[in-house]
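To start, the structure under review is shown below, and the notes come after it.
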Amino acid sequence: MDESDRWTEKLLTAPVGTGRSFLALASSARALLDLNPSSASSVLAIKDTINHYPLAIDSKNFSALSNIFTVDAIANYSPPLGVLSGLETIQNVLQSSLAPVTSQHGLSTQTVTLFSNTEANTTTYFTAQQFGMGIWEGQLFTSYGRYEDHLILTRDGWRIDRRHLIYMVGHFEAAYLQHC
């Protein structure tokens, strides 16, 4: 065993914060995944669904929201947009409210809680930058918040059937809000 191998062995077998080695912790985590691999794949599929949301709205591909929301979804986008019922309403309202801006929505911290093989809740933090166009040229609107989503597994994959957007910090010009 050379010096590099000895360092690797020390690293992998040294106690971490819990008093157990990295190898023991990794082994335990792997055992949990082995017990229910469908849970791990569900979590990844749920995150993938949510990760497509900013791609759809920032590219203004609002028809792609059908890959994210159920047809009968209810989304509370808080003022000024309020509660939107149904996929078509969600698509139309987001399209009109984002028309005067170019946007970039970034997702960060995320948790997924599986209730069953077909139902889950998520919390996803976001930062949204909206850059004004036309009469709004040069204006920057920034908001910070989180999405509280409830998802169900449909025949087409995981979809959001209920969304609640909670603004944590936001900066919007009054005139922009009146446009929405």
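In this text the structure is predicted, and so the values were computed from the model without any measurement.
- Side-chain contact annotation: D58 with S103, donor-acceptor N/O pair under 3.5 Å present.
- Of the possible donor and acceptor atoms, none in the side chain of Q129 sits under 3.5 Å from a partner among the backbone N and O of Q104.
- Atom OG of residue S143 and atom OH of residue Y167 lie 5.0 Å apart, to the nearest 0.5 angstrom.
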Exercise for the section: List the steps, then state whether side chain to side chain contact (heavy atoms under 4.5 Å, CB included) holds for T113 with T123. Expected result: CA-CA 9 Å; T113 304; T123 298; over 6 Å; no

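- To the nearest 0.5 angstrom, I160 atom CD1 is 9.0 Å from T70 atom OG1.
- Residues E119 and H150 have side chains that bring a donor and an acceptor to within less than 3.5 angstrom of each other.
- A 4.5 Å side-chain heavy-atom check between Y77 and H164 finds every atom pair outside the cut-off.
- At least one side-chain heavy atom of S66 sits less than 4.5 Å from a side-chain heavy atom of L87.
- Annotation: side chain of L114 is in contact with side chain of V43 (closest heavy-atom distance under 4.5 Å).
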Problem - From CA spacing to verdict: side chain to side chain contact (heavy atoms under 4.5 Å, CB included), L165, N76 - result: CA-CA 6 Å; L165 180 154; N76 181 353; over 6 Å; no

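- Put simply, the side chain of T102 does not reach to within 4.5 Å of the side chain of Q130, judged on heavy atoms.
- Criterion: ILVMFWY side-chain heavy atoms under 4.5 Å apart, direct or through other members. Under it, I166 and V169 are not part of a common hydrophobic cluster.
- T111 places no side-chain N or O within donor-acceptor distance of the main-chain N or O of T122, the cut-off being under 3.5 Å.
- Annotation: side chain of L151 is not in contact with side chain of D161 (no heavy-atom distance under 4.5 Å).
- A donor atom on one side chain and an acceptor atom on the other are not found under 3.5 Å apart for N61 and S59.
- Between V112 and K47 the shortest side-chain heavy-atom distance falls below 4.5 Å.
- Judged by distance alone, the side chain of K60 and the main-chain N or O of L98 form a donor-acceptor pair under 3.5 Å.
- Remark: D149 CG to Q110 CD distance equals 8.5 Å, nearest 0.5 Å.
- The hydrophobic cluster around L44 extends to none of the other residues, as no ILVMFWY side-chain heavy atom falls under 4.5 Å of it.
- Contact check for F131 versus E137: no side-chain heavy atoms found under the 4.5 Å cut-off.
- At a threshold of 4.5 Å between non-hydrogen side-chain atoms, the residues N117 and L153 do not count as touching.
- For the ring pair (Phe, Tyr, Trp, His ring centres under 6.0 Å) test, residues two or more places apart in sequence or in another chain that qualify with Y147 are Y53, F126.
- Counting side-chain heavy-atom gaps under 4.5 Å among Ile, Leu, Val, Met, Phe, Trp and Tyr, the cluster of I74 also holds V83.
- Side chain of R159 to main chain of D156: a donor-acceptor pair is present (N/O by atom type, distance under 3.5 Å, no hydrogens or angles).
- Using a 4.5 Å cut-off between side-chain heavy atoms of Ile, Leu, Val, Met, Phe, Trp and Tyr, with links allowed through other members, F69 and I152 fall into different hydrophobic clusters.
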